[in-house]
Amino acid sequence: MTAVAGGSKQPARSLIGSFTVATTAAERATGEQASVILAARVVGGGNAVGTWAYSGNGIDALNPVAQKYSEWGAAAQPGSPAIKARAAALRYPETIRASACAAKGKAGGASASIGANQCGFPPAPDVIYWFKTPGQPATAQLLGAYDLGNCTKTADPAELNKTSPQGSGFCSLVAATSANPGYNVDATPAPRPKGVLAESGAGC
């Protein structure tokens with residue numbers, strides 16, 4: 001918390017209503033450098049909630065609020081692995097829970113796929129998030145149907161565009177699990193899934 005607040009680059013002096021949530025061993029093993037997710041309301045920023053990922057390698061600003069109000073991990077060159085890592089960590093259930101807790105100022109919260117939530121979304125199955133970057137094998141992971149921290153759908157094209165690189169050869173897409181029975185998200189390279197709900201990037 002002290003390090004995040006100390007990296008402030010806008011006139012926001014402190015963070016309040018903060019919550020930290022540890023990620024799972026499986027998520028840490030992906031190399032996405034997010035061992036702990038921190039979410040906090042920004043004083044002086046209209047109480048907007050920023051989310052950060054912390055690891056032994058440092059702090060990375062995840063959402064637009066965090067990138068606006070802190071220096072930590074806010075910049076990434078086109079094609080940088082940080083872009084993919086940031087997009088993945090932003091959709092972790094832990095990130096969603098921490099953001100919801102920070103917004104409400106109390107503990108609790110639901111995982112990404114549970115429909116009984118503060119956003120009023122109905123229950124929905126997980127979706128497949130598939131990502132391709134130039135020169136690297138395509139990867140995939142299961143994500144919740146919703147980002148409960150921001151009350152948006154994971155398959156919302158506008159939201160996907162915000163967090164996805166747009167350069168040549170990049171492609172991010174969200175697909176329905178129902179259209180991909182037996183899909184193996186651990187396969188390398190990950191096969192392009194069917195039943196695409198949203199996609200973003202010039203390489204799609």
If the condition is side chain to side chain contact (heavy atoms under 4.5 Å, CB included), which residues does A202 pass it with, not counting sequence neighbours?
none

Separation of D60 CG from L38 CG (nearest 0.5 Å)
12.5 Å

How many angstroms lie between CG in N180 and NZ in K194, if you round to the nearest 0.5 Å?
7.5 Å

Please report the shortest heavy-atom distance between C204 and S172, naming the atom on each side.
SG-N, 3.8 Å

Note, L160 side chain near V174 side chain (heavy atom, < 4.5 Å)
yes

With the side chain counted from C-beta on, respond yes when L173 and L197 share a heavy-atom pair under 4.5 Å apart, and no when they do not.
no

Over all heavy atoms of both residues, which pair between P189 and P137 is shortest? Give the atoms and the distance, please.
CB-CB, 3.8 Å

Can you give me the closest heavy-atom contact between C171 and R192, atom names plus distance?
SG-NH1, 4.0 Å

Check for a donor-acceptor pair, side chain of N63 on one end and backbone N or O of A66 on the other, with a separation under 3.5 Å.
yes

Looking at K153, I'd like to know if its NZ atom is crowded, meaning that more than 12 non-hydrogen atoms belonging to other residues, nucleotides or ligands lie closer than 6.0 Å.
no

Should the pair F121 and Y146 be assigned to parallel (<30°), tilted (30 to 60°) or perpendicular (>60°) ring geometry?
parallel

Carboxylate-amine/guanidinium contact K132 E199, below 4.0 Å:
no

Smallest heavy-atom separation, P134 atom then S168 atom, equals CG-O, 3.4 Å

Please confirm whether the backbone N or O of P193 pairs with a side-chain atom of W130, one donor and one acceptor, at under 3.5 Å?
no

Kindly give the heavy-atom pair with the smallest separation between A176 and I128, and that separation in Å.
O-CD1, 4.5 Å

Nearest heavy-atom neighbours spanning D156 and A198:
C-CB, 4.5 Å

